[in-house]
There are 2 protein chains.
Amino acid sequence: MTHTTSDYATRIRRSGFRLTPQRQLILDAVCEGGGHTTIEEICARVQAKAPSINRSTVYRNLEFLQRLHLIVAAEIGGETVYEIAHNRHHHHLLCQGCGRQIEIGEEALASALTAILRDYDFLVLADHLVLRGLCGPCRAQTE
Amino acid sequence: MTHTTSDYATRIRRSGFRLTPQRQLILDAVCEGGGHTTIEEICARVQAKAPSINRSTVYRNLEFLQRLHLIVAAEIGGETVYEIAHNRHHHHLLCQGCGRQIEIGEEALASALTAILRDYDFLVLADHLVLRGLCGPCRAQTE
DNA sequence: TTACGTGCAAAATATTTGCAAGAAG
DNA sequence: CTTCTTGCAAATATTTTGCACGTAA
């Protein structure tokens with residue numbers, strides 16, 4: 001969940017791009033989100049530290065950081081959200097009751113996806129899926 | 001995949017709302033999409049038949065038809081898409097190579113979701129999931 | 001006849017782009 | 001120095017809203 005700045009710095013420079021304060025702050029902002037973070041939240045965090053940073057810079061860099069696979073995007077309820085890229089593929093459980101996010105390894109769905117490959121001749125590439133539902137406490141509360 | 005107008009008409013009227021030509025055309029447009037249809041496609045189809053129908057009417061009615069559970073929405077790549085509501089829960093496989101859509105029953109993921117309930121005490125409610133990947137022919141082509 | 005719905009236009013949001021000035025390497 | 005980046009502003013794109021008029025039931 002944490003990111004060591006130097007690592008990212010190296011990867012950005014190695015790719016022939018520059019590590020600007022803006023990029024660091026945007027990366028920090030995505031990281032601080034813990035799980036999924038919206039553009040709005042990213043802008044807020046970034047501009048709290050450096051108000052002069054423009055929205056378009058945020059847009060451009062979120063796309064840039066995705067291209068370098070330093071962050072990944074997912075859709076939740078029509079909204080694009082971002083998080084720091086893990087090496088390990090994984091998915092998320094998002095509780096509609098309390099908003100809690102649970103991260104699960106890709107193995108949780110692996111057998112189902114294998115079955116789909118077998119039954120439908122279709123290779124699912126979807127990493128980083130968001131599955132919505134209800135966690136135990138919230139289900140108990142609803143009943 | 002088809003919808004009998006009278007059935008929908010009845011359901012709309014029973015709920016105390018009106019069946020307008022606009023609503024019929026919008027419902028038809030969603031239906032013609034076969035699988036998932038974007039707002040843009042819906043507007044195009046609707047306005048081909050009745051150019052005077054306004055975009056805002058389309059927006060309003062897509063929301064309206066969702067409330068009545070006559071259509072359902074899903075997100076693909078940040079875009080909201082619509083389709084006629086089935087009674088049967090199901091998911092979609094979307095080929096990133098050729099754009100082909102394959103519909104799969106909910107049972108394809110059932111065991112995985114049951115395992116998630118057991119392992120994480122989390123009940124996944126996500127019906128109508130969109131899984132992206134590559135179909136057989138497209139995988140063969142890529143290699 | 002009576003609300004429910006629609007078209008229109010304008011407002012509110014969200015995202016993208018061109019360009020000159022700034023700065024990382 | 002070089003050219004990648006940024007900020008700014010304007011252009012686009014997308015969605016929502018208010019309101020008077022139209023119409024389904």
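Lettering follows sequence order; numbering is per chain, from 1.
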Legend entry - Audit row: B/Ile84, B/Leu70, side chain to side chain contact (heavy atoms under 4.5 Å, CB included) steps and yes/no: CA-CA 6 Å; B/Ile84 296 291; B/Leu70 296 182; over 6 Å; no
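A salt bridge does not link B/Asp28 to B/Arg45: none of the charged nitrogens lies less than 4.0 Å from a carboxylate oxygen.
The backbone N or O of A/Leu134 lies less than 3.5 Å from a partner atom in the side chain of A/Arg139, making a donor-acceptor pair.
Per the geometry, CZ belonging to A/Arg18 stands 12 Å off P belonging to C/dA23, to the nearest Å. In this structure, B/Ile39 atom CD1 and D/dT15 atom P are separated by 5 Å, rounded to whole Å. The interatomic distance linking B/Glu63 (CD) with C/dT6 (C1') rounds to 16 Å, in whole Å. Counting to the nearest Å, the C1' atom of C/dT6 and the CZ atom of B/Phe17 are 16 Å from each other. In this entry the distance linking CD of B/Gln66 with P of D/dT15 reads 12 Å, nearest Å. Rounded to whole Å, atom P of C/dT15 lies 16 Å from atom CG of A/Asn61. Rounded to whole angstrom, the span from the CZ atom of A/Phe64 across to the C1' atom of D/dT3 amounts to 14 Å. Across the protein-nucleic acid pair, B/Glu40 atom CD and D/dT12 atom C1' stand 13 Å apart, rounded to whole Å.
When the shell of 6.0 Å around CD of B/Glu63 is examined, it contains 12 or fewer heavy atoms from other residues, nucleotides or ligands.
Atom OG1 of A/Thr20 and atom CG of A/Asn61 lie 6.0 Å apart (nearest 0.5 Å).
Of the residues in residues 52-60 of chain B, those placing a heavy atom less than 4.0 Å from an atom of DNA chain D are B/Ser56, B/Tyr59, B/Arg60, in numerical order.
Taking side-chain N and O atoms only, B/Gln22 has no distance below 4.0 Å to OP1 or OP2 of D/dT23.
Donor-acceptor pairing under 3.5 Å, judged by distance alone, is absent between the side chain of B/Arg13 and the base of D/dA24.
Ring centers of A/His91 and A/His128: at least 6.0 Å apart, outside the cut-off.
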